[in-house]
Number of protein chains: 2
Amino acid sequence: MENLLLFIRSLTDFSDEAWIYLQPALRLQEYRKNEVLLKEGDICDKLFYIEKGYCKSYCMIEAEKKNIGFFFEDEIATDIQSFGCGHPSALNIVACEPLAVVIFDKKKLFEASSQHIEIERLGRNCIRQFASKQAEFANMAKLYKPQERLDFLESQFPEMGQRVPLTQLASFLGVARETLSRIRRRRTHY
Amino acid sequence: MENLLLFIRSLTDFSDEAWIYLQPALRLQEYRKNEVLLKEGDICDKLFYIEKGYCKSYCMIEAEKKNIGFFFEDEIATDIQSFGCGHPSALNIVACEPLAVVIFDKKKLFEASSQHIEIERLGRNCIRQFASKQAEFANMAKLYKPQERLDFLESQFPEMGQRVPLTQLASFLGVARETLSRIRRRRTHY
DNA sequence: TTAATTATGTGACGATCGTCACAGGCTAAA
DNA sequence: TTTAGCCTGTGACGATCGTCACATAATTAA
């Protein structure tokens, strides 16, 4: 839990008292590789703070897995749309490696938020950080060609380029697996 | 301001008392068409609630305008990255029509947030809504081909298809103007 | 109103990407 | 070690997209 507290304090002022009030909303959980954190159709009422390992979100479009996002150590993973609005999720979240997370329970988190304004403020800052990242990815797709997208990703989010297998990364970048393979070849030959 | 209060109350419980505490952070502002709300390089310390008209955000990539987002009535426009982190903005926001907005001043908003937890909660909900929309656009680019993107946009955000000129919409969808024109032609001929 | 500017439609053509097919390499289980 | 399954690299080829060019329509300014 020490990592989580450091993460929280990097986002916002957070007293020891607030940390105590927050405890009931938290629980440690481990997942094996390929284990499911969130299933399509379920309502996402959790935030997953990642201590170790990484996971991905994907959705099925015409019987094909499309990777939406990858989440690494010291990040929050969730389906922001389902979590926020309370409707069923359109996507799945699965562990890509053995995974250790701290789960924030939505209901208990909201109760804790009412008891301590620093927790409410933490929620805002978590979502803000999440939104910033979403915005970057949204812009990446709009602004750049496939090759430039890979450049951008490797410079801004080096973990993705290094830890995510090519086939999965391709679907995240919105290109065919073969195209990404050829982009890599072109670059290593210079 | 009545529209704004309704908007707020659609997002979160909000007492008359909180509304009074919020007032110092708000001010009405009008812009002419093409007038600038936020300039690249400036730090974004405002949220713009749109009462009438619409605006867009764009950035310059190699001397070319790339449209990032469009914001219509009853939405919040801002640069979430600059507003959240306090660093200079990489994008511009300009009015696309005569525009009437309510400006939230960041500093005063944060002061009001400390005074009333409902205002803090409002902030969280505003950002959450903003994040959801960002996520949808990010996914749109990854999941769909250009033609499907237009279908998606017209079904989920019909105002964009109707009010935004083709050339600008094309850059938002990440395709050439000519391509979007041809997609439209193909569809109207069925 | 006219003139200037900007937005849109369209054809031609080259560049890029997606799809299909198959080969080789890596990993994990028998 | 062997086998099976998955991931990656690569060639061929058709589909789609971007770019350039120019014509026409719509909007704005004079």
Side-chain angles (χ1 to χ4, degrees), chain A residues 32-35 53-54 56 58 60-67 70 94-98 140-154 160-190, chain B residues 31-35 53-56 58 60-67 70 92 94-99 140-154 160-190:
Chain A
R32 291 185 301 278
K33 185 175 175 178
N34 294 324
E35 208 172 343
Y54 78 98
K56 66 169 178 177
Y58 68 90
M60 303 302 294
I61 303 272
E62 295 164 21
E64 218 178 333
K65 274 192 192 180
K66 301 274 192 173
N67 296 114
F70 294 93
V94 298
C96 298
E97 290 179 355
M140 180 179 71
K142 276 181 255 183
L143 298 178
Y144 303 125
K145 297 194 240 288
Q147 174 149 2
E148 295 167 332
R149 273 179 241 168
L150 184 61
D151 295 339
F152 174 83
L153 204 73
E154 291 187 340
M160 288 215 193
Q162 287 158 16
R163 295 171 73 179
V164 176
L166 177 143
T167 303
Q168 295 180 37
L169 196 62
S171 116
F172 177 76
L173 289 170
V175 298
R177 166 185 84 70
E178 295 89 339
T179 301
L180 184 54
S181 172
R182 282 163 188 140
I183 289 172
R184 276 197 177 162
R185 174 171 46 150
R186 259 180 279 165
R187 294 204 315 179
T188 55
H189 286 354
Y190 285 106
Chain B
Y31 296 93
R32 290 183 304 277
K33 184 174 175 177
N34 294 324
E35 207 172 344
Y54 78 99
C55 60
K56 67 170 178 177
Y58 68 89
M60 302 302 292
I61 304 271
E62 294 163 22
E64 217 178 333
K65 274 191 192 181
K66 301 273 190 173
N67 296 115
F70 295 93
N92 305 275
V94 298
C96 298
E97 291 178 354
L99 194 67
M140 179 178 72
K142 277 181 253 185
L143 298 178
Y144 304 125
K145 297 193 239 286
Q147 174 150 2
E148 296 167 331
R149 272 179 241 168
L150 184 62
D151 295 340
F152 174 84
L153 204 74
E154 291 186 342
M160 288 214 194
Q162 288 160 15
R163 295 171 73 178
V164 177
L166 177 141
T167 303
Q168 295 180 36
L169 196 61
S171 116
F172 177 75
L173 288 171
V175 299
R177 156 186 97 66
E178 295 90 338
T179 301
L180 184 55
S181 173
R182 280 161 189 143
I183 289 172
R184 276 197 177 160
R185 172 171 48 148
R186 259 179 279 164
R187 294 205 315 182
T188 54
H189 286 353
Y190 285 105

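Below, chains carry the letters A, B, ... as their sequence lines are ordered, and counting in each starts from 1.
If you measure from atom CG of Leu180(B) to atom P of dA7(C), you get 14 Å, rounded to the nearest angstrom. Look at CG on Leu173(B): it is 12 Å from P on dC17(D), rounded to the nearest Å. In this entry the distance linking CD1 of Ile183(B) with P of dA15(D) reads 17 Å, nearest Å. Arg149(A) has its CZ atom 14 Å from the P atom of dT16(C), to the nearest Å. The CZ-C1' distance, from Arg186(B) to dG9(C), rounds to 14 Å in whole Å. One atom, CG of Asn34(B), and another, C1' of dA7(C), lie 14 Å apart when rounded to the nearest Å. Distance, Glu148(A) CD to dT16(C) P: 12 Å, rounded to whole Å. If you take CG of Asn67(A) and P of dC7(D), they are 11 Å apart, rounded to a whole angstrom.
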Under a 4.0 Å heavy-atom criterion, the protein footprint on nucleotides 19-26 of chain C, written with B, S and -, is BBB-----

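Put simply, Ser181(A) has no side-chain N or O that comes within less than 4.0 Å of OP1 or OP2 on dT8(D). Residue Arg185(A) has a polar side-chain atom (N or O) positioned under 4.0 Å from OP1 or OP2 of dT10(D).
Note that CD of Glu148(B) is 13.5 Å distant from CG of Leu153(B), once rounded to the nearest 0.5 Å. How far OG of Ser171(A) is from CG of Leu143(B): 8.5 Å, rounded to the nearest 0.5 Å. Interatomic distance, CZ of Arg186(B) versus CZ of Arg182(B), reported as 9.0 Å (0.5 Å rounding). Between Leu169(A) atom CG and Leu150(A) atom CG the span is 6.5 Å, to the nearest 0.5 Å. With rounding to the nearest 0.5 Å, the separation of CG in Leu166(A) from CZ in Arg177(A) is 7.5 Å.
Listed by chain and number, the residues in a side chain to side chain contact (heavy atoms under 4.5 Å, CB included) with Thr179(B) are Val175(B), Ala176(B), Ile183(B) (sequence neighbours excluded). Partners of Phe70(B) under the ring pair (Phe, Tyr, Trp, His ring centres under 6.0 Å) rule, at least two apart in sequence or in another chain, are Phe172(B). Every residue meeting the side chain to side chain contact (heavy atoms under 4.5 Å, CB included) condition with Ala141(A), not counting sequence neighbours, appears here in chain and number order: Ala141(B). Partners of Arg163(B) under the salt bridge (Lys or Arg N to Asp or Glu O under 4.0 Å) rule, at least two apart in sequence or in another chain, are Glu73(B), Glu97(B), Glu159(B). Applying the side chain to side chain contact (heavy atoms under 4.5 Å, CB included) test to Lys65(A) and every residue at least two apart in sequence or in another chain returns Tyr58(A), Met60(A). Scored by the salt bridge (Lys or Arg N to Asp or Glu O under 4.0 Å) test, Glu154(A) finds Arg187(A) as partners (sequence neighbours excluded). Considering only residues two or more places apart in sequence or on other chains, Tyr144(B) meets the ring pair (Phe, Tyr, Trp, His ring centres under 6.0 Å) condition with Phe152(B). A search for side-chain hydrogen bond (donor to acceptor under 3.5 Å, both in side chains) contacts involving Lys66(A) returns nothing, not counting sequence neighbours.
Listed in residue order, the members of residues 161-169 of chain B having a heavy atom less than 4.0 Å from DNA chain D come to none.
Taking five base pairs at each end of the helix from dT1(C)-dA30(D) to dA30(C)-dT1(D) and finding the rotation axis that steps the C1' atoms of four pairs onto the next four gives two axes whose angle is 50°, to the nearest 10°.
Shown are Lys56(B), Lys33(B), Glu35(B); of these, the side chain to side chain contact (heavy atoms under 4.5 Å, CB included) with Val94(B) is made only by Lys56(B).
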Dump every N/O contact between nucleotides 27-30 of chain D and the protein below 3.5 Å, one line per pair.
| residue | atom | partner | partner atom | Å |
| --- | --- | --- | --- | --- |
| dT28(D) | OP1 | Lys33(B) | NZ | 3.4 |

